[in-house]
Amino acid sequence: MRKDKFRNIAIIAHVDHGKTTLVDGLLKQSGTFKSHETVSDRVMDSLDLEKERGITISAKNTAIQYKDIKINIVDTPGHADFGGEVERSLNLVDGVLLLVDSSEGPLPQTRFVLQKALIRNLPIILVINKIDRPDARISEVINEVYDLFIDLDANEEQIDFPIIYTNAKDGIAKSDLDEESTNLELLFNLIIETFKGPEVNDEITQFLITSIDYDSYVGQIAIGRLNNGYIEQSKFYSLCGSNSIKHNQKLTACYTFKGLEKVKVNRLESGDIIAIAGITNIQIGDTIADNENPLPLPRIKIDEPTVSMFFHVNDGPFAGKEGKFLTSRNISDRLHKETLSNVSLKVKLTKETDIFEVCGRGELQMAILIETMRREGYEFMVSKPKVITKQKDGKVLEPLESVHLDLDENHVGVITEKLSKRKGKMVNLQNNGFGRAILEFKVPSRGMIGFRNQFLTDTKGSGILNSLFDSYVPWCGDIPQRNNGVIIADRNGKVTPYASLAMSDRGELFTDVGTEVYKGMIVGERNKIGDLDVNIVREKKLTNVRSATKDNTVVLRQCKKLSLDQCIEFIANDELIEVTPSNLRIRKMELDSNKRISSSKKNKK
């Protein structure tokens, strides 16, 4: 039986190609918002970090009513590090809008999300967005998309996709570039004509949980698609977990979606994207089924993580001064809570009770988790990211990334040289004649750690870098990381202008005058190889003979403040980032300089 009154779709694309802006247009033109309502741009990006960074981090769904049909729309992240959100979101839908920038064309994440959609045999509508760009190359981009489909072994039916042209910012859609349009009506009609309603069986109940929310009033809220049957409030159902089935589970609330809100109802019908509350200890991938004859659906499978970081309990001299939650139990509980809603993260226990290994998809995903915990009041330390290797036939395999670079053609030489030192191999170079070049490299994931900062410096901030996991390859050998040493404080105290001035020719400082530092804390980057322990709190000795205005003319060079992302890229294997709600500090794992020297001598032997 087919439910033609529903359409469940996902919008997938590379980062910054306009997914969330298009959802804005669909919401506004479907009459979801009342005329007197003021609606912000990119309304689906509701998290603070999403608004600050301008990217979608977690997949979110909304529902619009067009004519007599309810269209459930899932807005997915466009960054490769949040690919797990895309993978689980595709379980909800019956079709996808593949959004591609009219100038940039298909990029790494486009390939990743399209591959997942083709594996699930989902019908696709190609949306060419930003058609008003002066450097738009629409016909070439369409050919690149066809090439991508062929490269991913799409069948004839999948390649025969409809194409529509949009300017999401202005809210217009065209079936032909020459025609006039003032709205997105053509896109609405194409969605209804191309995608069929969900196929359901109302004789059994099956509800696959793909997302988990939390409400302080009703507790855990499970979100997903009701694949088959009906769900009614106050009835009993079974919860089918990974290892057991719990019977007699009673629901306290049932919700359906309307616009950006959850609407409470008494009965939910199959084919719709819904939410339920009342059952505790739910996990993503569980199935709510009939109480008497429970039939679980296949659990959600996602790609394995490729990068790990160690989270340490803060044991530095300033521990406990700035954070609310700092014990191993606090950190363990918070990380466990994150894994319940983020299926691509895994937490492993280590031999040390105060160290946790967190595995994920990339540096950005880790940085988002660290920043979120920091804002919640947690205080902890993190290590340098390292790649997760595999053993096969006695050989060590490491992850390889496909790296796409869009940069000024004058910077091609220096970037090629830097990546070749990191064991990168160029596989494609394309010059479109606009003064910019597009390069594609295959680089070990180890080689990409710490490279983004160097890339932005070398391209003077004008380069665009995108990377995506490609495959596992045999270990590529040693890769040089940071060349310069660091400047380390050798005692506790406050940074003084006199000591800072003396450091101006030794390197670049990270700490302002008056900042509290401790022994073993890194206060700057040295301009030579090797670490340097300095007395950064030294004050000028006073004498009886001095000028009152002599020190007034001293001008200190402004210190370099590192963001969290820059700290993660900067640190070496023997260093940690101390994360608190107020500050980010970089320190050596071993604070005592004598112990560091003796251990380095032992390692050389």
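Every value quoted in this text rests on a predicted model; they were computed, and no experiment measured them. Counting from 1, the numbers follow the sequence of the chain as shown.
- No side-chain donor-acceptor contact under 3.5 Å links Gln158 to the backbone of Ala154.
- When each of Leu190, Val96, Asn8, Leu97 is paired with Phe195, the side chain to side chain contact (heavy atoms under 4.5 Å, CB included) condition holds for Leu97 and for no other.
- Two residues are said to be in side-chain contact when any heavy atoms from C-beta on lie closer than 4.5 Å; Asn61 and Arg225 fail this criterion.
- Formation of a donor-acceptor pair under 3.5 Å by the Thr205 side chain with backbone atoms of Gly229 is not found in this model.
- Atom NE2 of His336 has 12 or fewer neighbouring heavy atoms from other residues, nucleotides or ligands inside a 6.0 Å radius.
- One finds a salt bridge joining Arg299 and Asp286 here, because a Lys/Arg side-chain nitrogen approaches an Asp/Glu carboxylate oxygen to under 4.0 Å.
- With a 4.5 Å cut-off on side-chain heavy atoms, Thr76 and Val113 do not count as touching.
- Between Lys337 and Asp333, none of the side-chain N atoms (NZ, or NE/NH1/NH2) sits under 4.0 Å from a carboxylate O, so this pair counts as no salt bridge.
- The side-chain tip of Arg267 points at the ring of Tyr230 from less than 6.0 angstrom away and within 45° of straight on.
- Of the candidates Phe310, Phe311, Phe325, Phe380 forms a ring pair (Phe, Tyr, Trp, His ring centres under 6.0 Å) with just one, namely Phe311.
- The 12-atom threshold is exceeded at CG of Asn155, counting heavy atoms of other residues, nucleotides or ligands nearer than 6.0 Å.
- With contacts defined as side-chain heavy-atom distances shorter than 4.5 Å, the pair Leu226/Asp272 does not qualify.
- Between Tyr378 and Val579 there is no side-chain heavy-atom pair separated by less than 4.5 Å.
- Counting only N and O atoms by type, the side chains of Thr256 and Lys70 include a donor and acceptor under 3.5 Å apart.
- Taking both residues in full, the closest heavy atoms of Gln206 and Thr287 are given as CA-CG2, 4.4 Å, listed atom of the first, atom of the second, then distance.
- Across all their heavy atoms, Ala289 and Cys240 have their closest contact at CB-SG, 4.1 Å.
- By the 4.5 Å heavy-atom criterion applied to side chains, Asp151 and Arg111 are counted as neighbours.
- Atom-to-atom distance recorded for Leu107:CG and Glu440:CD is 10.0 Å, nearest 0.5 angstrom.
- The closest side-chain heavy-atom distance from Arg374 to Glu371 is below 4.5 Å.
- No salt bridge links Asp565 with Arg452; every basic N to acidic carboxylate O contact stays at or beyond 4.0 Å.
- Looking only at side-chain heavy atoms (C-beta outward), Ile568 and Ile370 come within less than 4.5 Å of each other.
- In terms of heavy atoms, Ile212 sits closest to Gln220 at CG2-NE2, 4.0 Å.
- Taking a cutoff of 4.0 Å between a charged side-chain nitrogen and a carboxylate oxygen, Lys5 and Glu269 qualify as a salt bridge.
- In this structure, Phe149 has its ring center closer than 6.0 angstrom to the ring center of Phe161.
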